[in-house]
Participant: 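Shown below is the structure under consideration.
Position 1 is the first residue of the sequence; numbering continues from there.
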Amino acid sequence: MSSVSDRLPDFPWDKLEPYKKTAAAHPGGIVDLSVGTPVDPVPELIQKALVDAADSPGYPTVWGTPALRDAITGWVERRLGARDVTHRHVLPVVGSKELVAWLPTQLGLGPGDRVAFPRLAYPTYEVGARLARAEYEAYEDPTELDPGGLKLLWLNSPSNPTGKVLSKVDLTRIVAWAREHGVLVVSDECYLELGWEADPVSVLHPDVNGGSYDGLVAVHSLSKRSNLAGYRAAFLAGDPAVLGPLLEIRKHGGMMTATPTQAAVVAALGDDEHVRVQRERYAARRTVLREALLGAGFRIEHSEASLYLWATRDESCWTTLAHLADRGILVAPGDFYGPAGENFVRVALTATDERIQTAADRLKA
């Protein structure tokens, strides 16, 4: 009998170790632009909310406190333009990666069912399908897929890794197609508040869904917008007919967001100022890195949103990776996200101002 791990690909990040050692040996130290983990402080009002809720000896609920659900519904309406969102339309989750990896299993998918995701995509979409023993495929345009047996269609806008944003017109077309064929759409919108040259739109917006959430779920995370990757805080919003059964399954599985984290999320979703400040930090870093990459002969595609620059020198991503590692800069190879990325690297904006400037200086040298 094979183990569950046998269903999974090798963990891609392990392949970066020799390049990381090379970059770390640089006299000025490594500039790690590979993983995209936040480095800036957690805003004080969020830290205070966490500390104030530290005396929480009892079990939290999977559905979260009423205050948390109020905060999520309020944010979804205020920020995404959604209408008539109730507690039944939302569900807290323990970080978005956990959700992505286990959603096909929790939806009851298995052999014979199909999961589809963009041809350049976060690897965990495929991992989730493999864990459920479902079939999977990558698409260029989801409306060109064979809808037979297609049970879960992942959208990702803004995209990780490319930063590409789906237009309102495209989202509307895709949602209509999926509904016509009875396909569940789950839209990963974790970078939605980080649009630079585009204004990302949610599938929850009435212009996209016609005022109905049927067959639609959006995934949102506080990791990037609020520097809360260490808190494991995310949520779903959308069709109650999907979220209700998920809530029951997650109750049985004990998938509870810690009470102090729930309190922190309430504070984070209620404050827009810290998001504005963080956006400005990333915008400044993006400008510095983008100009340095272009000056060093790179071409940047898409990258109109998210926390990454999708860059190429029209060579193997591993050749580019080695070139940058020699300069003490570590990035992510594009083929981590699918064969279509074999000539690209993903360059994260998640480093301090000093490290970003160091990387830019090294690129200019």
Participant: Check whether L8 and V100 end up in the same hydrophobic cluster, where Ile, Leu, Val, Met, Phe, Trp and Tyr are linked by side-chain heavy atoms less than 4.5 Å apart.
Facilitator: no

Participant: Let me confirm one number: the CG-CD1 distance from L166 to I174, rounded to the nearest 0.5 Å.
Facilitator: 5.0 Å

Participant: Tell me whether S157 contacts the main-chain N or O of S159 through its side chain, where contact means a donor paired with an acceptor under 3.5 Å.
Facilitator: no

Participant: Rounded at 0.5 Å granularity, tell me how far CG in L68 sits from OG1 in T259.
Facilitator: 10.0 Å

Participant: Please check: side-chain N/O of S187 versus main-chain N/O of E189, any donor-acceptor pairing under 3.5 Å?
Facilitator: no

Participant: Just to verify, what does Y191 make a ring pair (Phe, Tyr, Trp, His ring centres under 6.0 Å) with, not counting sequence neighbours?
Facilitator: Y308

Participant: According to salt bridge (charged side-chain N to carboxylate O under 4.0 Å, His left out), does anything in residues 274-294 pair up with another residue at least two apart or in another chain? List the pairs.
Facilitator: D40-R285, E197-R286, E273-R276, R276-E280, R285-D353

Participant: Are L109 and L153 linked, directly or through intermediate hydrophobic residues, by side-chain heavy-atom contacts shorter than 4.5 Å (ILVMFWY only)?
Facilitator: no

Participant: Among all residues two or more places apart in sequence or in another chain, which pass the side-chain contact (heavy atoms from CB on, under 4.5 Å) test with V169?
Facilitator: S167

Participant: At what distance, to the nearest 0.5 angstrom, does CH2 of W154 lie from CG of L184?
Facilitator: 9.0 Å

Participant: Looking at side-chain heavy atoms only, is the closest gap between L50 and V42 below 4.5 Å?
Facilitator: no

Participant: Is there a side-chain contact (heavy atoms from CB on, under 4.5 Å) between I30 and K20? Walk through the geometry before answering.
Facilitator: CA-CA 8 Å; I30 188 173; K20 188 173 185 178; 4.0 Å; yes

Participant: Check C190 against H220 and note the closest heavy-atom contact, atom names and distance.
Facilitator: SG-C, 4.1 Å

Participant: The criterion is side-chain hydrogen bond (donor to acceptor under 3.5 Å, both in side chains); which residues satisfy it with Y122, sequence neighbours excluded?
Facilitator: none

Participant: Find out if a path of hydrophobic residues (ILVMFWY) with successive side-chain heavy-atom gaps under 4.5 Å connects Y19 to F298.
Facilitator: yes

Participant: Report whether F235 and V186 are members of the same hydrophobic cluster (ILVMFWY, side-chain heavy atoms less than 4.5 Å apart, transitive linking).
Facilitator: no

Participant: Start with the C-alpha distance between L222 and L269, add both sets of side-chain angles, then the distance that settles side-chain contact (heavy atoms from CB on, under 4.5 Å), and finish with yes or no.
Facilitator: CA-CA 9 Å; L222 286 89; L269 292 179; 4.1 Å; yes

Participant: Please test Y125 against D188 for side-chain hydrogen bond (donor to acceptor under 3.5 Å, both in side chains), starting from the C-alpha separation and ending with a verdict.
Facilitator: CA-CA 10 Å; Y125 303 136; D188 181 347; 2.7 Å; yes

Participant: Can you tell if the side chain of E304 reaches within under 4.5 Å of the side chain of P158, non-hydrogen atoms only?
Facilitator: no

Participant: What pairs with T257 under side-chain contact (heavy atoms from CB on, under 4.5 Å), at least two apart in sequence or on another chain?
Facilitator: P92, V94, T261, Q262

Participant: Counting only heavy atoms not in R78, do more than 12 sit closer than 6.0 Å to its CZ atom?
Facilitator: yes

Participant: Would you tell me whether R119 and Y139 have side-chain atoms, one donor and one acceptor, within less than 3.5 Å of each other?
Facilitator: no

Participant: For residues F336 and V347: do they belong to one hydrophobic cluster (side chain heavy atoms under 4.5 Å, members Ile, Leu, Val, Met, Phe, Trp, Tyr)?
Facilitator: yes

Participant: W196 and A305: which non-hydrogen atoms are nearest, and at how many Å?
Facilitator: CD1-CA, 3.6 Å

Participant: Can you tell me if CG on D146 sees more than 12 non-hydrogen neighbours from other groups inside 6.0 Å?
Facilitator: yes

Participant: Answer yes when E44 and K48 have at least one side-chain N-carboxylate O distance shorter than 4.0 Å, and no when they do not.
Facilitator: no

Participant: List the atom of P200, the atom of V165, and the distance in Å for their closest heavy-atom pair.
Facilitator: CA-CG1, 3.9 Å

Participant: When rounded to the nearest 0.5 angstrom, what distance separates CZ in R346 from OG in S303?
Facilitator: 11.0 Å

Participant: Would E17 and K15 pass as an ion pair if we require N to O under 4.0 Å?
Facilitator: no

Participant: Go through the side-chain N and O atoms of R179 and N209 and say whether any donor and acceptor fall under 3.5 Å apart.
Facilitator: no

Participant: How far apart are the closest heavy atoms of A134 and V115, and which atoms are they?
Facilitator: CB-CG2, 4.2 Å

Participant: When you compare the side chain of E77 with that of I72, does any pair of heavy atoms fall below 4.5 Å?
Facilitator: no

Participant: Could you go through the side-chain contact (heavy atoms from CB on, under 4.5 Å) check for S223 and R232 one step at a time?
Facilitator: CA-CA 7 Å; S223 294; R232 309 315 302 135; 3.7 Å; yes

Participant: Taking C-beta and beyond as the side chain, do W177 and H181 meet within less than 4.5 Å on heavy atoms?
Facilitator: yes

Participant: Mind checking side-chain contact (heavy atoms from CB on, under 4.5 Å) for A25 and listing every partner two or more places apart, or none if nothing turns up?
Facilitator: none

Participant: Can you name the side-chain contact (heavy atoms from CB on, under 4.5 Å) partners of T86, sequence neighbours left out?
Facilitator: R88, H89

Participant: Sequence neighbours excluded, which residues qualify as side-chain hydrogen bond (donor to acceptor under 3.5 Å, both in side chains) partners of H274?
Facilitator: S226, D271

Participant: Can you list every side chain to side chain donor-acceptor pair (under 3.5 Å) pair that touches residues 319-330, not counting sequence neighbours?
Facilitator: R313-H323, E315-T320, H323-R327

Participant: Rounded to the nearest 0.5 Å, what separates atom CZ in R362 from atom CD1 in I329?
Facilitator: 6.5 Å

Participant: Per the side chain to side chain contact (heavy atoms under 4.5 Å, CB included) rule, which among L289, T350, T287 passes with I356?
Facilitator: L289

Participant: For residues V183 and L150, report the shortest heavy-atom separation together with the two atoms involved.
Facilitator: CG2-O, 3.5 Å

Participant: Does any N or O in the side chain of D335 come within less than 3.5 Å of the main-chain N or O of G341, such that one atom is a donor and the other an acceptor?
Facilitator: no

Participant: Do V242 and L107 come close enough that some side-chain heavy atom pair is under 4.5 Å?
Facilitator: yes

Participant: For L293 and I300, what are the C-alpha separation, side-chain angles and deciding distance, and is it a side-chain contact (heavy atoms from CB on, under 4.5 Å)?
Facilitator: CA-CA 8 Å; L293 286 166; I300 296 172; 4.3 Å; yes

Participant: Thinking salt bridges, do D32 and R355 make one under a 4.0 Å N-O criterion?
Facilitator: no

Participant: Where is the tightest heavy-atom contact between G238 and Y213, given as atom of each residue plus distance?
Facilitator: C-CB, 4.0 Å

Participant: Is any side-chain heavy atom of L236 closer than 4.5 Å to one of V93?
Facilitator: yes

Participant: Excluding sequence neighbours, so at least two apart, what forms ring pair (Phe, Tyr, Trp, His ring centres under 6.0 Å) with Y282?
Facilitator: none

Participant: Kindly write out the residues that satisfy side-chain hydrogen bond (donor to acceptor under 3.5 Å, both in side chains) with Q47, not counting sequence neighbours, or none if the list is empty.
Facilitator: none

Participant: Would you mind reporting whether V208 and S202 have side-chain heavy atoms less than 4.5 Å apart?
Facilitator: no

Participant: I need the full list of side chain to side chain donor-acceptor pair (under 3.5 Å) pairs touching residues 57-75, with sequence neighbours left out, sorted by first then second residue.
Facilitator: R69-H87, D70-H87

Participant: Give, for atom CG of L192 and atom CG of L80, the distance between the pair rounded to the nearest 0.5 Å.
Facilitator: 6.0 Å

Participant: Under a 4.5 Å cut-off applied to non-hydrogen side-chain atoms, are Y337 and T162 in contact?
Facilitator: no

